[in-house]
Amino acid sequence: MATTIAPVQDGQLTAKIHDDLATCRLAPAEHVVDTAYLTPAHIERAQRVHGITLLGPILADNSRQAKTASGFDKAAFTIDWNNEQAICPRGATSVSWTKLNISGHTYLQARFAESDCQPCPDRTRCTSSATRPRSVAVLPRTLHEIQTRNRLDQQTEQWQRRYAIRAGIKATLSQNVRAHGLRRSRYRSLPRTHVQHVLTAMACNLSRLADWHDTTPSGRRASHFRTLCNAAGFAST
């Protein structure tokens, strides 16, 4: 259980969560999260440092080209890592390769020649600029390959079935908010609020353990999480 001030983003805690679990010898083989906790860098670190497979949907490419079915997005370009060049769908090769820092993250930018872009018949599919040539900024090789592979995988039915197990956390959040008053802090100051959060989590765990071992029919509809567990053979007997 972690309690932070409001401006702290979910993704800032991913590494800490893994470090804390590893310290307690509770690091999972697979950790299923939503997009807010996930970047290619998080996936790489989780596997390298703790041997954890971080499963979740990588943020989609929101560029104009990606949103247009006929546009040339980053995925349409071939990256020649050895020669530090990008090759466009028309076969033109970039003429420069520079390192950029965007919001604290390192990117590699390949820029194409104006002489290649200006007369290109597919210019409108590639860039909205009337004069400037196309440039493509990609993550360093290891992270770029993780990003590309995950974006492809998460479109498959097999990946979506695997990710469906995350339905359980939504039920957990709902239970804590509705049954245990998690949305409202009873105390002032971060340390005291954290104590409340820890006690609330403990209460939720005890409540769920009691429900799990109680075989008396409750008349309630089974949660998505329990349904998935039953299907996987984890039902209590």
Side-chain angles (χ1 to χ4, degrees), residues 1-62 103-106 139-177 180 182-183 193-194 197-209 211-212 222-236:
M1 177 62 70
T3 305
T4 69
I5 59 175
V8 174
Q9 301 296 310
D10 293 343
Q12 294 176 242
L13 296 179
T14 305
K16 175 176 171 49
I17 291 170
H18 292 162
D19 292 344
D20 289 348
L21 288 172
T23 299
C24 299
R25 298 184 180 181
L26 294 174
E30 182 174 85
H31 186 191
V32 185
V33 299
D34 65 17
T35 301
Y37 289 91
L38 193 69
T39 65
H42 288 143
I43 295 174
E44 189 277 332
R45 183 188 187 275
Q47 184 62 52
R48 172 173 51 84
V49 177
H50 298 298
I52 297 173
T53 298
L54 195 57
L55 178 67
I58 287 282
L59 191 66
D61 183 353
N62 291 317
S103 301
H105 301 285
T106 299
L139 292 166
R141 182 172 186 172
T142 299
L143 302 184
H144 175 78
E145 291 175 349
I146 289 173
Q147 182 184 65
T148 302
R149 182 174 61 251
N150 277 264
R151 281 177 174 170
L152 290 174
D153 288 348
Q154 65 199 39
Q155 302 303 318
T156 65
E157 183 179 349
Q158 180 182 3
W159 185 96
Q160 292 171 11
R161 286 200 305 267
R162 183 179 168 196
Y163 186 66
I165 192 67
R166 193 179 173 275
I169 189 58
K170 294 300 183 182
T172 301
L173 291 173
S174 177
Q175 180 178 354
N176 278 286
V177 169
H180 304 303
L182 184 63
R183 195 181 299 279
T193 301
H194 178 65
H197 289 168
V198 171
L199 293 174
T200 301
M202 292 171 62
C204 179
N205 287 339
L206 290 172
S207 175
R208 287 197 153 196
L209 283 171
D211 286 343
W212 186 262
S223 69
H224 293 302
F225 181 63
R226 183 157 193 142
T227 301
L228 287 168
C229 287
N230 290 340
F234 295 123
S236 60

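Keep in mind that the numbers below use all heavy atoms, side chains included, and drop hydrogens, waters and symmetry copies. On a predicted model such as this, the values are computed, not experimentally measured, just so you know. Residue numbers count from 1 along this sequence.
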Exercise for the section: Begin with the C-alpha distance, continue with both residues' side-chain angles, and end with the deciding distance and a verdict on side-chain contact (heavy atoms from CB on, under 4.5 Å) for Gln158 and Arg162. Expected result: CA-CA 6 Å; Gln158 180 182 3; Arg162 183 179 168 196; 5.8 Å; no
Exercise for the section: For the pair Glu44 and Ile146, evaluate side-chain contact (heavy atoms from CB on, under 4.5 Å) and give the outcome as yes or no after the intermediate values. Expected result: CA-CA 8 Å; Glu44 189 277 332; Ile146 289 173; 3.7 Å; yes
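- Judged by distance alone, with hydrogens and angles left aside, the side-chain atoms of Arg151 form no donor-acceptor pair with the main-chain N or O of Pro57 at under 3.5 Å.
- Judged by distance alone, the side chain of Thr35 and the main-chain N or O of Ile58 form no donor-acceptor pair under 3.5 Å.
- We find that Arg45 and Asp19 are joined by a salt bridge, their nearest charged nitrogen and carboxylate oxygen being less than 4.0 Å apart.
- The main-chain N or O of Trp159 is never found under 3.5 Å from a side-chain atom of Gln154 such that the two would form a donor-acceptor pair.
- Side chains of Gln47 and Leu54 form no contact here, defined as non-hydrogen atoms less than 4.5 Å apart.
- At least one side-chain heavy atom of Thr4 sits less than 4.5 Å from a side-chain heavy atom of Leu13.
- The closest side-chain heavy-atom distance from Pro40 to Asn150 is not below 4.5 Å.
- Here CG of Leu182 is found 11.0 Å from OG of Ser174. Values are rounded to the nearest 0.5 Å.
- A donor-acceptor pair under 3.5 Å is absent between the side-chain atoms of Tyr37 and the main chain of Gly56, judged by distance alone.
- To the nearest 0.5 Å, the span separating NZ on Lys16 from OG1 on Thr23 amounts to 8.5 Å.
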Practice task
Could you please spell out the steps behind the side-chain contact (heavy atoms from CB on, under 4.5 Å) verdict for Arg166 and Asp34?
Solution key: CA-CA 8 Å; Arg166 193 179 173 275; Asp34 65 17; 3.4 Å; yes
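- Across every non-hydrogen atom of Cys204 and His180, the tightest pair is CA-NE2, 3.8 Å.
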Practice task
List the steps and the verdict of side-chain hydrogen bond (donor to acceptor under 3.5 Å, both in side chains) for Thr39 and His42.
Solution key: CA-CA 5 Å; Thr39 65; His42 288 143; 3.1 Å; yes
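- Screening Leu21, Ile17, Leu38, Leu55 for a side-chain contact (heavy atoms from CB on, under 4.5 Å) involving His31 leaves a single residue, Ile17.
- From Ser207, atom OG reaches atom CE of Met202 across 13.5 Å, with rounding to the nearest 0.5 Å.
- The environment of CZ in Arg48 is crowded: more than 12 heavy-atom neighbours from other residues, nucleotides or ligands sit within 6.0 Å.
- Looking only at side-chain heavy atoms (C-beta outward), Thr148 and His144 come within less than 4.5 Å of each other.
- Taken to the nearest 0.5 Å, the CE atom of Met1 stands 10.0 Å off from the CG atom of Leu199.
- Between Arg141 and Glu145 there is a salt bridge, since at least one side-chain N of the basic residue sits less than 4.0 Å from a carboxylate O of the acidic one.
- The CD1 atom of Ile52 sits 12.5 Å away from the CD1 atom of Ile43 when rounded to the nearest 0.5 Å.
- Heavy-atom minimum distance, Val33 versus Tyr163: O-OH, 2.9 Å.
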Handout entry: Worked check of side-chain hydrogen bond (donor to acceptor under 3.5 Å, both in side chains) between Thr3 and His197
Key = CA-CA 7 Å; Thr3 305; His197 289 168; 2.8 Å; yes
